[in-house]
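Each remark here refers to the structure printed beneath this line.
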Protein chains: 2
Amino acid sequence: MDPHLLRTFVTVAECGSFSAAAERLGYTQSAVSQHISALENDLGTPLLRRRPVTPTPAGERLLEHAAPILLRLATARADVRRTLAQPPTALILATTPLATAGAGATAGAGAGAGAGAGAGADAGAAAQPGALAVALREVRRSHPGTEVTLTVCGRDEVVEGVAAGTFAIGLVDGVAAPSDPLRLSDAVHLRTTPVAHDDLIVALPNDHPLAGRRGLALRDLADARWIDAPDLAAPLPVLRAATGSDGFRPAFTYAGTDLHTLLTLITSGHGLAVLPRSVPAPSTVPVMSPRLVHRTELLHGDLSEPAALLLSNLK
Amino acid sequence: MDPHLLRTFVTVAECGSFSAAAERLGYTQSAVSQHISALENDLGTPLLRRRPVTPTPAGERLLEHAAPILLRLATARADVRRTLAQPPTALILATTPLATAGAGATAGAGAGAGAGAGAGADAGAAAQPGALAVALREVRRSHPGTEVTLTVCGRDEVVEGVAAGTFAIGLVDGVAAPSDPLRLSDAVHLRTTPVAHDDLIVALPNDHPLAGRRGLALRDLADARWIDAPDLAAPLPVLRAATGSDGFRPAFTYAGTDLHTLLTLITSGHGLAVLPRSVPAPSTVPVMSPRLVHRTELLHGDLSEPAALLLSNLK
DNA sequence: ACTGTTTACGTCACGCGTAACGATG
DNA sequence: CATCGTTACGCGTGACGTAAACAGT
């Protein structure tokens, strides 16, 4: 189970195609085919059904393990490399778009290069500084000379980037039971600190019958039109799991990280989404049940890094 | 970072010798040497100091990751293989020696083949059935025809065995803060269920000045003579971490899994050990501070396995 | 001097690409 | 028939063992 094989396996599974995976990885289709059959050979069972390319049950089990393994390999490499490098003169702080919600939002500190640095989280007037503001302030105080770049991207990119050492620090938000940690399934080996939490609301169009209600039980909305915005709102599978319902089927998917766009979609009636209370949505109803909160956690790969100081200051 | 390289790296680090590792792995010294330099080359830094063979800081970082990665690779393989096999006609339940403590001990159910099946945990008359008894009973009820073998071994062997699929189920005991899970560092990806807990005591020789006390703070014993019995008692590093002291230095190490032997050692004054309250030690003092408990957790690799039923019955 | 690691070198296998083949919609 | 996966084959790289050089204790 060479990591290369594993990597092409997950890529093929993602792409649903040998040739697409080959291109993405810079191999020939032939090589990819050989990788897969090497794996299948080694494990003694088919992992993919061909045409269409679909994981077999065995393949699904392998997929559950492959990504975390690759992630951890990346972390290992990054961790080792970090022992060599002198304190960086520049570092990147990555965040999911709503990781700043909770205590209030922050002014959009100069968004940096990198990935999908969308509108960020300039979510209106801040009562008290949010997680991002705290993180930024601390980084800058503890590393006066260091050039800090801020990048906004999806959960997975943040986790992968922190694991691989591309990002020094990550802020990730998500939905969890009140005092549970975020289930960053694949990031178990990264150090994690909770930094903020917030209640949840359902964002609604203004004319929605529920608008103005004092609160609601999510279950009752299982059959509503939902927007799946996994990098921004509570992912629908999480809602399904939390309510034990199999509703919450996406009317459509918004893959972006721009809050404003999502709110526009919601307001204009394309569907609902569960968001932290602090977002400036025109019409919202608090989620009373099940008991869930919006949570922000800080991620970092290595305590000997800048994040160490940060950590002690946040605790 | 080929797993093979990683494996020889951890083996070399464990053995403290290239040649010993070579023998253990069935390679020549030369191959081992090449593996290590391949790794060092790939990562761009020395990982081991030679003569004596000792990890560099970079090597230590890598070691932290290597074992879990290898463990998870094993789990992945085992998980995939499991999707193929029909329900087993025989299964092995592995347990650490004291995983049965907590609610009371159990009669030593026929100890099986395998590893170091020592004296097991026949620790006197049981008030109510312990974790092992519960686990065994449930396995046998849910798998009437299945031949169940019980094996007693150290924590690491249990974890590795469950990960690799050698053991269907594992019971692991350890020391943790009152409602924390056991920190089975490398086993994060295995499913885990707490099944029992117990208070902690320090086992003493009869004539020890503290004998008969109502309770004590561990810190006060930091400088006592301690026996390091990592597979049986609370490992000393755990005590150091929990007390924030750097005492608890081992007078000597007992590598076995036999409780009776350890108690004999303690009683005859060779040193102290922290054990669950339910062990039949002649002279004990409850540990009042720090707040720690002895905990038993059930480990299994796959919910679709026998353990699934078990789980639901234990919950 | 002895033990133990590294280096040099030869062999063999493996991994990848090219290209022909096969299957499927 | 067009697309996509598989198989056959050849080449180069890389992995391992043998054996000689080298370095600590």
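Note that the structure is a prediction, hence the values are computed from the model and not measured. Residue numbers begin at 1 in each chain, while the letters A, B, ... track the order of the sequences.
Between A:Ala163 and A:Leu190, the shortest heavy-atom distance links the atoms CA-CD2, 4.1 Å. When all heavy atoms of B:Pro3 and A:Pro3 are compared, the closest pair comes out as CD-CD, 3.2 Å. Nearest heavy atom pair, residue B:Thr95 against residue B:Val158, reads C-CG2, 3.9 Å.
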Problem set entry | Residues A:Arg249, A:Arg240; criterion side chain to side chain contact (heavy atoms under 4.5 Å, CB included); working and verdict | CA-CA 9 Å; A:Arg249 292 298 158 183; A:Arg240 278 198 285 277; 3.6 Å; yes
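Of all the residues in residues 33-44 of chain B, B:Ser33 reach under 4.0 Å from DNA chain C with at least one non-hydrogen atom. Residues of residues 7-28 of chain A that place a heavy atom closer than 4.0 Å to DNA chain D, in numerical order, are A:Ser17, A:Phe18, A:Ser19.
Applying the salt bridge (charged side-chain N to carboxylate O under 4.0 Å, His left out) test to B:Glu160 and every residue at least two apart in sequence or in another chain returns nothing. Qualifying salt bridge (charged side-chain N to carboxylate O under 4.0 Å, His left out) partners for A:Asp2, counting only residues two or more places apart in sequence or in other chains: none.
Whole-Å rounding puts the A:Asp2 CG to C:dC14 P distance at 13 Å. In this structure, A:Gln29 atom CD and C:dA19 atom C1' are separated by 12 Å, rounded to whole Å. Between A:His4 atom NE2 and C:dC16 atom P there is a gap of 8 Å when expressed in whole angstrom units.
With a 6.0 Å radius and a threshold of 12 heavy atoms from other residues, nucleotides or ligands, A:Glu23 has its CD atom at or below the threshold.
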List every contact pair, protein side and nucleotides 19-25 of chain D side both N or O, where the distance is under 3.5 Å.
{"from": "D:dT25", "atom 1": "OP1", "to": "B:Arg51", "atom 2": "O", "distance (Å)": "3.1"}

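Pairs of residues two or more places apart, or lying in two chains, never qualify as salt bridge (charged side-chain N to carboxylate O under 4.0 Å, His left out) while including a residue from residues 221-232 of chain B.
Backbone-only engagement by A:Val53 is indicated by non-hydrogen atom pairs under 4.0 Å involving sugar-phosphate atoms exclusively.
Taking the six-membered ring for Trp and the full ring otherwise, B:His270 and B:Tyr254 have centroids separated by 6.0 Å or more.
The aromatic rings of B:His35 and B:Tyr27 sit perpendicular to each other, their planes meeting at more than 60°, with 30° as the lower class boundary.
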